[in-house]
Number of protein chains: 2
Amino acid sequence: MTAPKTGAETLLIVEDEAQIRKFVRISLEAQGYRVWEARLGEEGLSLCAATPPHLVILDLGLPDVDGLDFIRRLRAWSAIPILVLSVRASETEKIQALDAGANDYVTKPFGIGELMARVRVLLRKEERQAAASALFESPGLRVDLGRREVMVDGAPVSLSRKEFALLALLVASQGQVLTHEQILREVWGSGHQEDTHYLRVLVGHLRQKLGDDPMHPRFILTVQGIGYRLAV
Amino acid sequence: MTAPKTGAETLLIVEDEAQIRKFVRISLEAQGYRVWEARLGEEGLSLCAATPPHLVILDLGLPDVDGLDFIRRLRAWSAIPILVLSVRASETEKIQALDAGANDYVTKPFGIGELMARVRVLLRKEERQAAASALFESPGLRVDLGRREVMVDGAPVSLSRKEFALLALLVASQGQVLTHEQILREVWGSGHQEDTHYLRVLVGHLRQKLGDDPMHPRFILTVQGIGYRLAV
DNA sequence: GATAATTTTTATATAATGTTTATATATTGC
DNA sequence: GCAATATATAAACATTATATAAAAATTATC
């Protein structure tokens, strides 16, 4: 397809007009993003299911699927941010799209710089901490995010900074799978998305401190080829 | 979505023009939000520190503090969503504000309906977890795409990356037939569209893990000469 | 500034997955 | 019924992913 920069964020453009697709694609790739394309809505939805991108840029005027349907069908199971592009400037349509689950709405013709800025906003990840509830409990494990306290079977466990960051991330995701990339970006910062071995070592340490057996883990579950998730 | 919330969210308007302040305030209160006002930037910042609101609506043209400074100073310690209102439509300014940490940027004059919709988007975050775990169900099979969880007759089944990608694809197509080519392109990427035997092996594995008999399949149906589809 | 704790490297064993080859079975068109 | 084609699956092999140990480097703590 294109120069696939490994470690880069993946964006999916769902757009039938070849011209706009190319234009947006080139701009995004210049910023170092990996870009996939879909000409049709069904194709876009399938791609999201098979290999979820980090952001979807959606044209509302697709030939096969109604734009609002697309948003609703994706939102039925996924929280991937959606940025809508549209020629129609009607306020009603904007409101409908946003309420259906779109995260932003840009009207054509648009400035490419603004589009890029809005993409950056949607990929920014400061939102997670806001949603984090203070206390997590599951059989045997108890994590107090506010106090930075961890207990396993009633006994306190002291974790290092990174170990706690990883556990906090898993806790905040409520059992959702986190990909290696996601974890690396959030715990080590962007630029370390390929250092998967860091993660392995850290998970090893954390499991050891939690007394978790990797073959039959109680807490941190391995999802082969994808990442890790917390048992809830 | 427009239904007023109990335990209403608190919004802070930072705006010096009384007219706009009042206009926005009344619209927000009509939606059931609690609204605070600040005439000056400094006032707004101290309010955020003292009793953090759930969202800040910020006018960029404040008399005392530069808008970008406001955003940066708030972002130094807080992740409260910021929606910027501004008369200036210059793209550069939009980009600067968004990159400084604003979450959305609306240009005056704006439709109040659109503004409300964008407010809802920024306040939506908590719902994500609930929405993210919607699932696909058919008799005996249950697939949670967000959690990557698959259950057959109540028992969890663990799938490999490709196996899950294939199942997710079938699920996302809602029982529509997927051709060999389509599946090969989406799961293996373009360039493998003729490796039909890959697909056969994979379907075999998947069926085995799901306990599906190919002669009388409950889940994955063969469409001779064309491809496969999911029973729905 | 010395010591301990943590993090990053490096290296290696093991397990899981993916690909290929081969072969058996079923389906379709004639 | 008999080729021709399409499908299923078994098993060997190659590749990739995972876990973990132990070193070197860095950072924190007293």
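Every chain is numbered from 1, with letters handed out A, B, ... down the list of sequences. Just so we're clear, the structure is a prediction, and the values are computed from it rather than from any experiment. What's counted below: heavy atoms across the whole structure, side chains too, no hydrogens, waters or symmetry copies.
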Presence of [X] side-chain N/O under 4.0 Å of [N] phosphate oxygens OP1/OP2:
X	N	result
Thr196(A)	dT18(D)	no
Arg161(B)	dA17(D)	yes
Trp188(A)	dT8(C)	yes
Tyr228(B)	dA8(D)	yes

Salt bridge or not between [X] and [Y]? Use side-chain N to carboxylate O under 4.0 Å.
X	Y	answer
Glu9(B)	Arg120(B)	no
Arg118(A)	Asp104(A)	yes
Arg21(A)	Glu17(A)	no

Could you state the atom-to-atom distance from [atom1] of [X] to [atom2] of [N] in whole Å?
X	N	atom1	atom2	answer
Gln224(B)	dT7(D)	CD	P	5 Å
Asp195(B)	dT7(D)	CG	P	15 Å
Leu202(B)	dT9(D)	CG	P	13 Å
His197(B)	dT23(C)	NE2	P	16 Å
Leu206(A)	dT7(C)	CG	C1'	14 Å
Arg200(A)	dA21(D)	CZ	C1'	15 Å
Ile226(A)	dA16(C)	CD1	P	16 Å
Asp212(B)	dT7(D)	CG	C1'	15 Å

Nearest of [options] to any side-chain atom of [X]?
X	options	result
Lys162(A)	dT7(C), dA19(D), dT19(C)	dT7(C)
His180(A)	dA8(D), dG18(C), dT18(D)	dT18(D)
His205(A)	dA19(D), dT7(C), dT20(D)	dT7(C)
Arg207(B)	dA19(D), dA8(D), dT19(C)	dA8(D)

Qualifying residue for side chain to side chain donor-acceptor pair (under 3.5 Å) with Arg218(A), from Asp153(A), Asp212(A), Asp213(A): Asp153(A)

With distance as the sole criterion, is a donor-acceptor pair present between the side chains of Thr222(A) and Arg207(A) under 3.5 Å? yes

